[in-house]
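Numbering starts at 1 and runs along the sequence shown. These numbers come from the heavy atoms of this one structure, side chains and all, not from hydrogens, waters or symmetry mates.
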Amino acid sequence: MYEGDVLAGNWRRPGKGKIPKVPAEPGLVVEDADSGFCGAVVACDKEAVTLEDRFGKRRLFPLAPAAFLLEGGPVTLVRPTAAPAGPRRSASGSIAVEGLRARVARESRIYVEGVHDAALVEKIWGHDLRVEGVVVEYLEGVDDLPAIVAEFGPEPGRRLGVLVDHLVPGSKESRIAAEITSPDVLVVGHPFVDIWQAVKPSVLRIQAWPDVPRGVPWKEGVIAALGWRVEPADAWRRILGAVSTYTDLEPELLGRVEELIDFVTEAS
């Protein structure tokens with residue numbers, strides 16, 4: 001009844017013309033048909049694609065016909081078509097200023113809680129801050145914020161913006177922020193326990209940020225729950241390395257940083 005053995009041949013290499021071609025867009029999750037390595041696309045050129053698995057391991061594979069599985073079916077990955085040329089955008093989504101020479105720093109400043117906060121703000125808003133001449137500094141916590149504000153000496157034309165972690169009603173941070181009454185200081189915050197949580201879980205290919213029991217150091221608790229087996233500094237490098245644009249961050253952080261930039265650059 002059949003012309004040949006229906007089980008003969010390689011199901012992962014069907015005949016020519018039957019395999020869909022799929023652009024290897026960043027974030028596309030596929031499996032290498034030969035090795036079984038499964039990961040998301042992180043880079044692609046005309047000859048090969050780089051996949052990264054959920055543990056952060058990366059491997060390079062050639063763009064061979066029918067070499068990958070997508071949702072269980074064989075596909076041929078191809079290099080994505082370049083988007084039409086248009087105005088270049090910065091990581092924050094603003095139109096990039098070509099040939100930028102950083103503006104002389106304003107007296108106004110933005111303070112953030114820690115070095116991780118400063119690194120994330122620089123990665124996404126660094127271009128905008130240099131255009132505006134705004135310097136970002138970190139505080140290593142906000143317990144002494146009233147004294148720090150007094151030492152800064154805010155006044156018209158010398159404004160201070162402060163970004164605070166976990167600024168929610170009833171928190172220690174909210175009580176400290178309420179002590180700041182100068183019209184030339186704006187204290188805003190996001191609801192996250194730590195700036196790590198401002199990165200969308202999907203960017204790291206996790207379902208959600210883990211709940212850490214009270215009494216357990218938050219960063220160490222997150223690392224243990226995710227099974228990363230790394231030190232906090234290495235975990236942060238992984239998180240920051242996964243962020244490339246403002247769309248990788250939660251809106252609760254985006255709005256607050258934009259608000260601070262507007263405040264410290266207004267009428268100054």
Side-chain angles (χ1 to χ4, degrees), residues 92 105-126 128-129 132-201 208-223 225 232-233 235-236 239-240 243 246 249-268:
S92 71
R106 299 172 183 265
E107 289 190 64
S108 298
R109 293 286 188 273
I110 291 176
Y111 285 172
V112 297
E113 282 207 46
V115 65
H116 292 180
D117 307 66
L120 187 59
V121 169
E122 164 60 27
K123 186 161 189 179
I124 300 302
W125 289 276
D128 308 56
L129 294 168
E132 297 291 350
V134 176
V135 174
V136 174
E137 302 178 12
Y138 66 91
L139 302 172
E140 298 184 349
V142 295
D143 289 354
D144 298 322
L145 185 59
I148 291 169
V149 169
E151 181 181 359
F152 178 82
E155 60 184 19
R158 180 180 168 82
R159 287 181 154 188
L160 179 61
V162 184
L163 179 68
V164 178
D165 297 342
H166 200 226
L167 191 62
V168 295
S171 68
K172 174 191 72 174
E173 291 81 3
S174 66
R175 292 192 294 272
I176 293 173
E179 298 180 38
I180 310 301
T181 58
S182 169
D184 297 304
V185 179
L186 176 64
V187 180
V188 300
H190 54 74
F192 309 115
V193 175
D194 190 275
I195 196 69
W196 289 17
Q197 283 186 305
V199 177
K200 293 179 178 177
W209 286 101
D211 291 326
V212 178
R214 185 180 297 273
V216 176
W218 192 84
K219 290 184 174 70
E220 287 79 0
V222 165
I223 292 169
W236 172 243
I239 295 166
L240 186 62
V243 174
Y246 72 99
L249 304 181
E250 299 288 1
E252 292 89 341
L253 175 67
L254 296 174
R256 303 294 75 74
V257 175
E258 297 286 351
E259 188 176 354
L260 289 176
I261 294 174
D262 289 344
F263 178 78
V264 300
T265 58
E266 181 180 318
S268 61

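Interatomic distance, NZ of Lys200 versus CG of Leu253, reported as 11.5 Å (0.5 Å rounding). Rounded to the nearest 0.5 Å, atoms OG (Ser108) and CD (Glu132) are 11.0 Å apart. Note that CZ of Arg106 and CG of Leu129 are 10.5 Å apart. Values are rounded to the nearest 0.5 Å. To the nearest 0.5 angstrom, Leu139 atom CG is 7.0 Å from Tyr111 atom OH.
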Step-by-step side-chain contact (heavy atoms from CB on, under 4.5 Å) determination, Val188 to Leu163: CA-CA 5 Å; Val188 300; Leu163 179 68; 4.3 Å; yes
Working for side-chain contact (heavy atoms from CB on, under 4.5 Å), residues Lys123 and Leu240: CA-CA 8 Å; Lys123 186 161 189 179; Leu240 186 62; 3.8 Å; yes
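Under the side chain to side chain donor-acceptor pair (under 3.5 Å) criterion, Lys219 pairs with Asp194, sequence neighbours left out. Taking Glu250 as the reference, nothing meets the salt bridge (Lys or Arg N to Asp or Glu O under 4.0 Å) condition, with sequence neighbours excluded. By the side chain to side chain contact (heavy atoms under 4.5 Å, CB included) test, Ala177 pairs with Leu167, Val187, sequence neighbours left out. Every residue two or more places apart in sequence or in another chain that forms a salt bridge (Lys or Arg N to Asp or Glu O under 4.0 Å) with Glu122 is listed here: Arg130. With sequence neighbours excluded, the residues satisfying side chain to side chain contact (heavy atoms under 4.5 Å, CB included) with Asp184 are Pro154, Pro156, Arg159, Ser182. Under the rule for a side chain to side chain donor-acceptor pair (under 3.5 Å), the partners of Glu258 that lie at least two apart in sequence or sit in another chain are Trp125. Not counting sequence neighbours, the partners of Asp143 by the salt bridge (Lys or Arg N to Asp or Glu O under 4.0 Å) test are Lys172. With sequence neighbours left out, Val243 forms a side chain to side chain contact (heavy atoms under 4.5 Å, CB included) with Leu120, Ile124, Val199, Asp248, Leu249. Shown here are the salt bridge (Lys or Arg N to Asp or Glu O under 4.0 Å) partners of Glu259, two or more places apart in sequence or in another chain: Arg256. For Trp236, there are no side chain to side chain donor-acceptor pair (under 3.5 Å) partners, not counting sequence neighbours. Qualifying side chain to side chain contact (heavy atoms under 4.5 Å, CB included) partners for Pro146, counting only residues two or more places apart in sequence or in other chains: Ile176, Glu179, Ile180.
Heavy-atom minimum distance, Arg175 versus Gly170: NH1-O, 2.9 Å. Contact detail for Gly157 and Glu107: the closest heavy-atom pair is O-CB, 4.2 Å. When all heavy atoms of Trp218 and Trp209 are compared, the pair lying nearest together is CH2-CE3, 4.3 Å. Phe152 approaches Arg158 most closely through the heavy-atom pair O-NH2, 2.7 Å. Taking all atoms of both residues into account, the shortest heavy-atom contact from Phe263 to Pro183 is CZ-O, 3.7 Å. Summarising the geometry of Val216 relative to Gly221, their closest heavy-atom pair is CG1-CA, 3.9 Å, with the distance given to 0.1 Å.
When atom types are taken as modelled, the side chain of Arg109 and the backbone of Gly161 share no donor-acceptor pair closer than 3.5 angstrom.
Contacts classified as ring-ring contact (aromatic ring centres under 6.0 Å, His included) and involving residues 155-190 (residues at least two apart or in different chains) are given here: His190-Phe192.
None of Val142, Val193, Asp117 except one satisfies the side-chain contact (heavy atoms from CB on, under 4.5 Å) rule with Asp165; the exception is Asp117.
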